[in-house]
Amino acid sequence: MSFDLTPSDDLRQILDAAQTMLDTHYPVARLRDGSDDSLAALDEFGAFDLARPDTEGGAGFTLVEEAHLHVALGRHLAPPAALATAIARRIDPTATAALGFSQEDAWLWLPQPDTAQALIRVGNGLTLAPAKATETTPALGGTYAFAKAPPSQNARRADAATHLVAQVLTSAQLLGVAIGARDLALAYARDREQFGRPIASFQAIKHRAADMSIGIEKVSALLDMAAIATRDASPDAGFLCSALARLAPRTTVETARGAIQIHGGIGFSAEADAHLFLKRAHILRAFLGPDDMLEHKAPLAPY
Amino acid sequence: MSFDLTPSDDLRQILDAAQTMLDTHYPVARLRDGSDDSLAALDEFGAFDLARPDTEGGAGFTLVEEAHLHVALGRHLAPPAALATAIARRIDPTATAALGFSQEDAWLWLPQPDTAQALIRVGNGLTLAPAKATETTPALGGTYAFAKAPPSQNARRADAATHLVAQVLTSAQLLGVAIGARDLALAYARDREQFGRPIASFQAIKHRAADMSIGIEKVSALLDMAAIATRDASPDAGFLCSALARLAPRTTVETARGAIQIHGGIGFSAEADAHLFLKRAHILRAFLGPDDMLEHKAPLAPY
Amino acid sequence: MDLTATQQDEAFRARARDWLCANRPAEPAPYDGPVSRTYATDWLARCHKGGWSGLAWPEAYGGQGLPPARLMLWYEEYVRARAPSTLDCTFVALNHAGPTLIARGTDAQKAFHLPRILGGRSIWCQGFSEPGAGSDLAALRATGRVEGDELVVNGQKIWSSYADIADYQELLIRTDPGASRHHGLSWVICDMSLPGITVRPIKNIAGVTHFAEVFYDNVRIPLTEVVGDLNDGWSVAMTTLAFERRTAALALQVELSVKVEDLIRLADAPAGSATSARLSDLRAEAAALRAMTWRTALREPDTPFDGSLVRLAFAELAQEIHRAAMDILGPAALADPRWSHDYLESFSETIAGGTAEIQRNIIAERILAMPREPRA
Amino acid sequence: MDLTATQQDEAFRARARDWLCANRPAEPAPYDGPVSRTYATDWLARCHKGGWSGLAWPEAYGGQGLPPARLMLWYEEYVRARAPSTLDCTFVALNHAGPTLIARGTDAQKAFHLPRILGGRSIWCQGFSEPGAGSDLAALRATGRVEGDELVVNGQKIWSSYADIADYQELLIRTDPGASRHHGLSWVICDMSLPGITVRPIKNIAGVTHFAEVFYDNVRIPLTEVVGDLNDGWSVAMTTLAFERRTAALALQVELSVKVEDLIRLADAPAGSATSARLSDLRAEAAALRAMTWRTALREPDTPFDGSLVRLAFAELAQEIHRAAMDILGPAALADPRWSHDYLESFSETIAGGTAEIQRNIIAERILAMPREPRA
């Protein structure tokens with residue numbers, strides 16, 4: 001059967017193993033005390049070479065499995081460099097890259113101890129360049145720190161195929177962030193009582209949670225189709241990735257905002273984790289870059 | 001005291017009298033059996049000459065009182081020609097005009113037995129021209145009928161001051177339509193029981209009603225300021241009318257949509273009145289025309 | 001996971017396209033009344049003759065037994081060819097009554113009704129909702145009293161689509177007055193020509209008459225017309241929800257995508273404009289709805305309540321598209337039935353078959369396991 | 001209805017503008033900690049010296065007794081001059097504690113506290129919320145036990161803004177353990193230097209420390225510090241809500257308008273673009289909020305709950321403006337505190353002082369007279 005959206009056994013196994021690794025090395029709570037956020041455990045797991053052919057030292061899986069892994073990474077707010085590195089490996093098979101974007105005439109990136117390069121979003125393109133940790137500026141209330149430098153001359157631009165891969169994997173992480181934020185809010189709403197009942201029993205909370213879940217379901221279904229189309233270099237890959245890149249960031253920002261609101265007072269404090277999901281959504285959105293759906297041909301055209 | 005937003009006794013008296021007249025001659029229920037919707041009772045009430053100086057045969061009130069009268073007209077879904085006529089009297093003191101708009105190279109208007117002219121929205125302008133009831137096309141599911149003709153050569157364009165008056169009075173009617181739709185929905189929600197309680201006790205309904213009321217309050221407050229500024233030819237009249245013209249139609253369409261939804265199944269049937277408010281909102285929105293807030297100077301600029 | 005069409009798939013698609021191109025009606029479908037029935041039954045009869053009716057029904061019952069992937073291809077070609085909307089007066093019979101009889105009917109019921117449905121010879125309507133029980137089917141009050149080998153039915157139904165032109169009705173009534181809420185209901189085949197039935201059509205806000213109120217005054221229905229067991233009607237009614245949502249959604253979703261493409265073409269908005277941004281969003285949303293619909297069709301046949309997510313997503317997108325059309329096209333849309341009629345019809349999306357508010361409750365309680373509200 | 005400034009009004013406006021221009025601090029306000037206190041109290045002291053503190057307070061208590069129209073003019077000039085936000089650590093004392101003492105305090109309480117507040121010599125914090133009672137003040141559990149001429153206070157408060165740098169607290173505690181919900185509460189002046197008080201600052205999502213948790217371990221407060229009658233604290237707490245909402249809103253609303261104008265200037269969006277449409281909407285919304293605020297200030301001093309409408313409208317617009325800034329300005333905004341700090345702070349708008357959900361309930365139940373939900 002050639003039409004099949006059931007996750008394969010391979011995929012389930014990869015995700016089970018990833019879950020164990022992430023629970024051990026990247027629990028979200030680690031970010032509260034600013035612990036050293038190394039890529040080592042991810043590297044050892046093979047996260048960055050999952051989709052490379054086994055003849056080239058990879059695990060021989062595809063972008064579809066890799067996308068699902070990045071959903072899990074998003075849920076755990078894995079280091080931003082994990083996303084940049086997975087994409088950068090398409091340009092340089094040995095790269096370990098920080099995540100970055102351009103602002104006017106400068107590059108900003110999120111430096112990390114184990115990265116010597118940065119993958120920078122510049123308009124519609126991506127470029128890989130050497131980058132060290134210079135003096136940093138705090139961003140988003142101090143949860144992130146940006147390094148800043150003028151654009152490097154010594155940069156390599158990603159090709160069109162890598163651009164699509166970047167849209168898929170970044171959206172996958174955004175989806176994971178949305179799921180993580182929604183689940184956090186649900187857990188809180190079931191525990192927290194006001195006016196003598198759990199706030200999860202109020203329609204305002206329920207309906208918001210339902211809307212979050214519809215958004216998550218949309219992005220999740222679209223992610224599968226876009227990942228399959230990109231893997232197979234289908235003619236509609238550009239269309240699907242573009243749709244995904246348009247929906248994923250707004251769904252995640254909206255879900256994370258809702259998660260803070262559902263938490264009430266504690267959601268506005270840095271002691272709950274809800275804000276970490278919101279801030280990561282903004283970082284990933286900035287890295288995903290702009291997109292215009294209308295530039296593509298519709299898959300079934302002409303109607 | 002020169003800063004005063006309390007309705008005057010004059011205004012209260014006018015509105016009381018108008019209410020009696022409207023309840024008698026223009027109950028919303030009249031529209032269910034397509035009764036002849038004459039302007040006679042409004043004309044006799046003096047609705048079209050309220051703001052004209054008494055030296056010119058008017059009642060000597062101002063645009064502020066007239067705006068409040070049109071809110072009441074909107075609540076009762078008074079004939080669209082009542083709005084057109086009130087504005088058209090600024091161009092021709094004896095006019096009785098149908099309401100219309102342009103579409104590509106044609107004019108469309110809502111003919112009425114007692115109108116011989118039509119006030120047509122053409123882009124950013126308004127133009128008054130002779131117009132008779134030609135063959136008509138049904139519009140909005142048959143609730144309205146449009147007459148259609150090529151643009152008349154024998155037309156008079158409204159000046160800038162009349163343009164502001166049109167924004168104020170059309171927005172006033174839109175506000176009335178929103179209030180009418182909201183009140184209808186509230187009355188239904190208090191009566192209708194589901195799952196053993198009035199649906200008005202469910203948060204989903206309550207919060208929607210609260211949002212409707214916030215929208216109504218915004219437009220209502222803005223209407224007063226815009227009407228005062230237009231009456232007094234204040235420098236910020238253009239800014240305020242523009243803000244009003246931007247908010248009023250969307251508030252009313254949104255409120256009328258919500259009113260249908262709150263009614264559930266009966267709201268989707270032509271037997272409830274909710275749809276009449278929605279359709280009127282679309283007619284008034286089309287007549288109000290486009291607007292761009294950013295063309296104006298902000299009242300307190302430079303900041 | 002794979003979405004590659006095989007050579008056989010492509011051949012099927014080409015066959016469907018050719019047939020649809022040669023056979024689809026030239027005229028658009030009438031909105032209501034007997035002419036709409038004739039139009040719809042003629043079209044279904046022609047499909048049946050061509051071997052294209054009951055596509056998802058088992059072959060044993062005269063259907064084509066197509067797997068979901070083939071159904072997807074068919075509906076994509078169907079809508080692309082601008083064939084009549086599947087949401088016409090044959091919808092209830094093909095997507096609801098027929099599959100219910102297949103799953104729960106007696107041999108005699110199947111033998112009589114299924115061929116009539118597939119051939120476009122009988123039209124069905126639904127008789128679930130009542131004036132006091134819109135979204136709350138457990139509050140149904142219409143009764144069927146057992147007298148000998150008959151049920152004597154009294155009461156009232158509402159929102160019964162096409163009841164004015166239907167031959168049969170799926171009727172859900174309370175047959176055990178002692179039982180409460182979901183218990184004691186029965187699912188009965190009601191012949192609409194029986195004495196004691198009065199149909200009062202209800203005009204909707206788009207000015208057309210799909211809906212009707214139906215009144216039952218001592219209507220005598222033989223007990224042989226009960227489907228499933230007496231007093232087990234709730235479980236019978238639930239049987240086909242999944243079927244309806246899975247297959248019907250495939251066609252409707254493609255219809256929406258085409259609407260968006262039509263609007264994009266018509267609006268011709270400059271790049272970077274507010275209108276272009278809004279259309280870009282709608283296109284992305286339509287792509288997401290397609291992905292959700294495919295996922296539901298290709299992956300999750302046994303999870304009945306996941307349907308709520310895709311159903312609500314569909315309803316809201318349908319409204320959003322028509323609303324955008326009214327905003328973007330301006331006065332031109334008011335007298336153009338392609339847009340204003342469909343806009344007004346789209347209001348039913350978040351009402352019919354359970355309001356959006358009820359759908360959100362279901363998603364929250366059944367999928368997200370959030371606690372119920374305290375009962376009054 | 002009239003909104004014409006008289007010659008005297010214009011003269012007042014010019015005087016305000018000149019004074020603000022000459023006196024407003026050159027440096028922006030620090031976000032938190034003792035430096036923020038020094039900054040705010042220095043500024044208030046300077047305003048006091050210039051005759052510009054306690055503008056809405058009665059003259060009998062050292063205020064300026066300005067009518068609402070003059071307050072509007074003042075705050076328009078205040079914000080236009082980019083004077084420090086009024087929502088600093090002096091806010092609770094000026095807009096809440098002071099007016100409460102004026103309305104319900106004893107002569108001794110007034111004589112001691114009011115001059116200190118106006119002169120910037122004492123800072124107050126609020127002590128209403130508790131961990132288990134966020135939006136539900138009737139569920140407060142912190143207790144004050146009467147022992148002789150003292151209250152012995154035990155329990156915990158949360159979301160107490162500036163408790164780490166405040167001198168006094170408006171403390172709402174349960175003094176009659178037998179009474180339930182709104183009854184049996186008392187409003188007490190709590191000296192923050194008393195033994196038994198522990199303050200634990202809470203960092204917010206913008207990375208700054210306004211809030212704190214406050215713990216009370218047998219804190220002994222003289223009964224003379226009770227404001228209003230013992231066990232009548234609920235009515236005391238309600239006294240000043242209207243005052244706060246009417247006057248404080250005037251300044252905050254102008255701040256929002258300026259934000260919108262700043263964003264319009266910075267975005268420099270081409271006409272017809274998606275960004276320009278969004279900014280156009282924000283400008284219209286800001287104009288509407290101004291109209292609502294003026295209406296509240298100039299027309300309805302005696303309708304306390306109408307405040308909910310303007311309050312929620314303010315909260316949502318504030319969030320919408322900052323959210324639009326993040327969307328429009330892109331990566332540049334992430335490391336620019338003017339936008340990202342204020343964006344993160346704006347999340348408190350729909351939470352602090354009753355969530356947006358609670359506000360909507362209040363609007364529905366108190367203004368629209370919709371029925372309450374059944375209690376659990």
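On a predicted model such as this, the values are computed, not experimentally measured, just so you know. Letters A, B, ... are given to chains in the order of the sequence lines, protein chains preceding strands, and every chain is numbered from 1.
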ask   = Taking B:Ala245, B:Ala243, B:Ala189 one by one, which has the highest count of heavy-atom pairs under 4.5 Å against chain D?
value = B:Ala243

task = Counting only heavy atoms closer than 4.5 Å, note whether B:Asp224 contacts chain D via side chain, backbone, both or neither.
result = side chain

request  = With a 4.5 Å cut-off on heavy-atom pairs, point out which of B:Arg208, B:His296, B:Glu295, B:Arg182 contacts chain D the most.
outcome  = B:His296

query = Between CE of D:Met370 and CG of B:Leu186, what distance do you get to the nearest 0.5 Å?
reply = 5.5 Å

query = Do the non-hydrogen side-chain atoms of D:Asp9 and B:Phe3 ever get within less than 4.5 Å of each other?
reply = yes

query = Between atom CG of B:Leu247 and atom CG of D:Asp281, what is the distance when rounded to the nearest 0.5 Å?
reply = 7.5 Å

query = If you round to the nearest 0.5 Å, how far is CE of D:Met1 from CD of B:Glu65?
reply = 7.0 Å

request  = Keeping the roles fixed (side chain from D:Arg360, backbone from B:Gln203), state whether a donor-acceptor pair exists under 3.5 Å.
outcome  = no

ask   = So what's closer than 4.5 Å to chain D heavy atoms on B:Ile205: side chain, backbone, both or neither?
value = both

note = Most contact-rich option vs chain B, by heavy-atom pairs under 4.5 angstrom, among D:Ala269, D:Ala81, D:Ala277, is D:Ala277

key: B:Asp232, part contacting chain D, at a heavy-atom distance under 4.5 Å   = side chain

request  = Looking only at non-hydrogen atoms, find the nearest pair between B:Leu222 and D:Ala287 and report the distance.
outcome  = CD1-O, 3.7 Å

task = Determine the minimum heavy-atom distance between B:Asp4 and D:Leu3, stating which atoms define it.
result = N-CD2, 4.5 Å

message = Counting C-beta onward and ignoring hydrogens, is there a side-chain heavy-atom pair between B:Phe239 and D:Arg283 closer than 4.5 Å?
response = yes

Pairwise distance CG(D:Asp2) to CG(B:Leu5) - rounded to 0.5 angstrom = 9.0 Å

inquiry  = If I measure from the heavy atoms of chain D, does B:Ser220 come under 4.5 Å with its side chain, its backbone, both, or neither?
reply    = both

ask   = Would a distance-only check, ignoring hydrogens and angles, find a side-chain to backbone donor-acceptor pair under 3.5 Å from B:Lys206 to D:Pro371?
value = yes

ask   = Which residues pass the side-chain contact (heavy atoms from CB on, under 4.5 Å) test with D:Arg17, sequence neighbours left out?
value = D:Arg13, D:Glu77, D:Arg80

B:Ile228, part contacting chain D, at a heavy-atom distance under 4.5 Å = side chain

message = Rounded to the nearest 0.5 Å, what separates atom CD in B:Glu217 from atom CG in D:Leu312?
response = 12.0 Å

message = If you define the side chain from C-beta out and look only at heavy atoms, does anything of B:Arg197 sit under 4.5 Å from D:Pro374?
response = yes

remark   = So, the part of D:Ala5 with a heavy atom under 4.5 Å from chain B: the answer is both

request  = Could you check which of B:Leu244, B:Asp211, B:Leu240, B:Asp183 has the highest count of heavy-atom pairs closer than 4.5 Å to chain D?
outcome  = B:Asp211

query = Are B:His207 and D:Asn361 close enough that some pair of their side-chain heavy atoms sits under 4.5 Å apart?
reply = yes

remark   = In terms of heavy-atom pairs under 4.5 Å with chain B, the winner among D:Val258, D:Leu368, D:Thr6 is D:Leu368

query = Relative to chain B, which segment of D:Val254 carries a heavy atom at a distance below 4.5 Å: side chain, backbone, both, or neither?
reply = side chain

query = B:Met225 versus D:Arg295: any side-chain heavy-atom pair under 4.5 Å?
reply = no

message = Please determine whether a side-chain nitrogen of the Lys or Arg among B:Arg246 and D:Glu285 lies less than 4.0 Å from a carboxylate oxygen of the Asp or Glu.
response = no

task = Measure the spacing between CD of D:Gln7 and OG of B:Ser2 and express it to the nearest 0.5 Å.
result = 11.5 Å

task = Please identify each residue that fulfils side-chain contact (heavy atoms from CB on, under 4.5 Å) with D:Thr86, with sequence neighbours left out.
result = D:Tyr75, D:Tyr78, D:Ala251, D:Leu252, D:Glu255

note = When the 4.5 angstrom heavy-atom criterion is applied to D:Glu261 and chain B, the contacting part is side chain

